[in-house]
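Scroll down for the structure; my scribbles are underneath it.
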Amino acid sequence: MPMTDFDNNQSTSRAQDSTSSRRQFLKKGSAVSAGITGAAMLPRAVRGAEPKDQGSNDVVRIGIVGLGGRGTGALSDTMTINEHIKLVATADVDANKQRVLGRLQKQFGDKVAVRDDKNYVGIDAYKRILDDPEIDLVIMTTPPGFRPQYVMEAVDAGKHVFAEKPSCVDPAGYRICLQAHDKAIANKTAIVTGTQYRRQTNYVEAIRKIHEGAIGDVINMTARYCSTGIWHKTRKEGMSDTEYQIYNWMHFIWLSGDQIAEQAVHNIDVMNWVMQGPPESAYGSGGRFTRPEGSEMWDSNSIDYAYSGDRQVSFMCRQIPGSQSDVSNQIFGSEGTATIYGSNGGASIKDRDGNEVWSMKGDIQSAYRQEHKDLVDSIRAGDPIVELKETATSSMTAVLGRVAAYTGQKVTWDFLTNESQLDLFPNDFDYNGPRPEPSFAIPGQTKLI
């Protein structure tokens, strides 16, 4: 059915400061995980504030929240590139996912050292990891809808954090991320995010050259994240509505933010990186043609982003089976053009006559690993990286485009970040409870909140 409100038929009269309501969820939880006791009430040590020997042989002890594909990928990346690290605890809502530990242990040996009593299961299982004083670093790879409050809770616990992208899927989550960023700086704890292109050499060099004037003044840009289909999971017998939506999280907007936020945020991050800040407004369209029944996702978006200095970015994303893929960025300047392709496609710069004056190959696998090396190195050096604000801003830029497309309105950055009351996280969250019937946005009917 169509969706006329952005909060999946939740009340739109929430308090403007939705941070407090999300934090309340963290305090009360829901169905408590097996094994959680009064330990959750104990005070937590702020590890970043502790004096430490910064020697290279210090073991960084890791706990992970979310053992899905991205979580196991992050573990593989950090274990491949870092020495003197150890995975010591896991948390997931699905006990079956712990089977991946056997494969990881075969590959990485004693870097995987998780006792049976530190494999936590349940919607609140992440709290056990945050309460563990032996854990230095938490990898957060849950569905994105949980990310702002989970990262904030980790910062409150004094943990270093690796948080996958996107950082948020709505303005309420964005505001939590800004608070978490500032608190991490105060704590002297790290937050590195899963925007691997920020550490992919051809991206870094191409954008450095653009900022140094290699193509003159940046006039406009095109960005594309067009791919084929995406996974969809069938509901299992006995699952509650909430449990199923978390299991099939990609297809529910409060959890994924739609493709534009969950996947295409990589290119949107490049847009902000090139333009050196977020846009002033967005106006766009899109729709759905091939999504399965019950999915709330659109499968295409076309957004015009307006940046300062009367610069425009034409952005497009889609996931339609059988369609032509295109993951690329083209930047047009007064003296030339730069093209940066996704994955291993490389980058190049041409002058105004079309002559190539610079190029570099791409290596995305190295970038995936480098973000984890930079994180661990910064922890050991006592100079923790905190980059949540930048990724949250790019995530919010994706939300800006989605809101503009969903509502059919021109939406400003100022309105969405400062005035919007949009908060997709259920205010009646219950893992074992019901959820409203899935719905999807229709421009002209979906309200701008």
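Owing to the predicted nature of the structure, the values given are computational and were not obtained by experimental measurement.
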Taking all non-hydrogen atoms of both residues, which atom of [X] and which atom of [Y] are closest, and how far apart?
X: Leu416; Y: Arg175; answer: O-NH2, 3.5 Å
X: Glu371; Y: Val192; answer: O-CG1, 3.7 Å
X: Ala74; Y: Ile139; answer: CB-CG2, 4.2 Å
X: Asp423; Y: Ala172; answer: CG-CB, 3.6 Å
X: Ala190; Y: Ser378; answer: CB-OG, 4.2 Å
X: Gln107; Y: Ser76; answer: NE2-OG, 4.4 Å

Check ion pair [X]-[Y] (N to O, under 4.0 angstrom):
X: Arg435; Y: Glu296; answer: no
X: Arg235; Y: Asp241; answer: yes
X: Asp299; Y: Arg318; answer: no
X: Asp132; Y: Lys118; answer: yes

Checking Val218 against Tyr307 for the side chain to side chain contact (heavy atoms under 4.5 Å, CB included) test, could you report, in this order, the C-alpha distance in whole Å, the side-chain angles of both residues, the deciding distance, and whether it holds?
CA-CA 11 Å; Val218 173; Tyr307 284 80; over 6 Å; no
Do any N or O atoms from the side chain of [X] and from the backbone of [Y] form a donor-acceptor pair under 3.5 angstrom?
X: His160; Y: Val138; answer: no
X: Asp92; Y: Leu67; answer: yes
X: Lys159; Y: Ile135; answer: yes
X: Thr189; Y: Val155; answer: no
X: Gln259; Y: Tyr225; answer: yes
X: Asn301; Y: Arg402; answer: no
X: Arg369; Y: Ser366; answer: no
X: Asp351; Y: Val357; answer: no
X: Thr78; Y: Leu75; answer: no
X: Arg147; Y: Glu164; answer: yes

Pair Thr193, Glu387 - check side chain to side chain donor-acceptor pair (under 3.5 Å), show working. CA-CA 7 Å; Thr193 58; Glu387 61 186 25; 3.3 Å; yes
Is any side-chain heavy atom of [X] closer than 4.5 Å to a side-chain heavy atom of [Y]?
X: Arg198; Y: Thr391; value: no
X: Gln105; Y: Lys111; value: no
X: Thr393; Y: Trp413; value: yes
X: Asn329; Y: Met221; value: yes
X: Ile303; Y: Ile260; value: yes
X: Arg199; Y: Asp374; value: yes
X: Glu390; Y: His181; value: yes
X: Val151; Y: Cys177; value: no

From the list Trp231, Tyr244, Trp254, ring-ring contact (aromatic ring centres under 6.0 Å, His included) with Trp249 holds only for Trp231
Taking atom [atom1] of [X] and atom [atom2] of [Y], what is their separation to the nearest 0.5 Å?
X: Thr142; Y: Arg70; atom1: OG1; atom2: CZ; value: 13.0 Å
X: Lys233; Y: Met239; atom1: NZ; atom2: CE; value: 8.5 Å
X: Leu178; Y: Met152; atom1: CG; atom2: CE; value: 11.0 Å
X: Leu87; Y: Arg61; atom1: CG; atom2: CZ; value: 13.0 Å
X: Cys317; Y: Ile268; atom1: SG; atom2: CD1; value: 7.0 Å
X: Asp156; Y: Gln179; atom1: CG; atom2: CD; value: 9.5 Å

- Task: Under the side chain to side chain donor-acceptor pair (under 3.5 Å) rule, what do Asn267 and Tyr197 come out as? Steps first, then yes or no, please.
- Result: CA-CA 9 Å; Asn267 286 58; Tyr197 287 144; 5.6 Å; no
**Message:** Could you check whether Phe146 and Phe425 have their ring centres less than 6.0 Å apart?
**Reply:** yes
Would you indicate whether [X], at its atom [atom1], is surrounded by more than 12 heavy atoms from other residues, nucleotides or ligands within a distance under 6.0 Å?
X: Tyr341; atom1: OH; result: no
X: Glu212; atom1: CD; result: yes
X: Lys373; atom1: NZ; result: no
X: Arg208; atom1: CZ; result: yes

Inset, instruction - Check the pair Met316 / Ser300 against side chain to side chain contact (heavy atoms under 4.5 Å, CB included), numbers first and verdict last. - result: CA-CA 8 Å; Met316 179 189 297; Ser300 60; over 6 Å; no
Can you tell me if Thr90 and Asn119 form a side-chain donor-acceptor pair at under 3.5 Å?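 Side chains of Thr90 and Asn119: pair found under 3.5 Å.
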* Asked: Any side-chain donor paired with an acceptor under 3.5 Å for Asp77 and Gln370?
  -> no
Notebook entry, point to check: After noting the C-alpha distance and the side-chain angles of Ser227 and Gln263, does the key distance pass the side chain to side chain contact (heavy atoms under 4.5 Å, CB included) rule?
Noted result: CA-CA 10 Å; Ser227 61; Gln263 184 184 61; 3.6 Å; yes
Taken in chain and number order and not counting sequence neighbours, the residues that satisfy ring pair (Phe, Tyr, Trp, His ring centres under 6.0 Å) with His232 are His251
Hey, can you pull the donor-acceptor pairs under 3.5 Å for the side chains in residues 342-350, sequence neighbours left out?
from	atom 1	to	atom 2	distance (Å)
Asn344	OD1	Ile364	N	2.8

_Check against side chain to side chain donor-acceptor pair (under 3.5 Å), Gln200 and Asn202_ = CA-CA 6 Å; Gln200 185 163 330; Asn202 63 296; 2.9 Å; yes
- prompt: Where do Arg311 and Asp217 land on the side chain to side chain contact (heavy atoms under 4.5 Å, CB included) test, with the steps shown first?
  reply: CA-CA 10 Å; Arg311 297 173 299 167; Asp217 296 329; over 6 Å; no
For the residue pair Phe315 and Tyr305, categorise the inter-ring angle as parallel (less than 30°), tilted (30 to 60°) or perpendicular (more than 60°). perpendicular
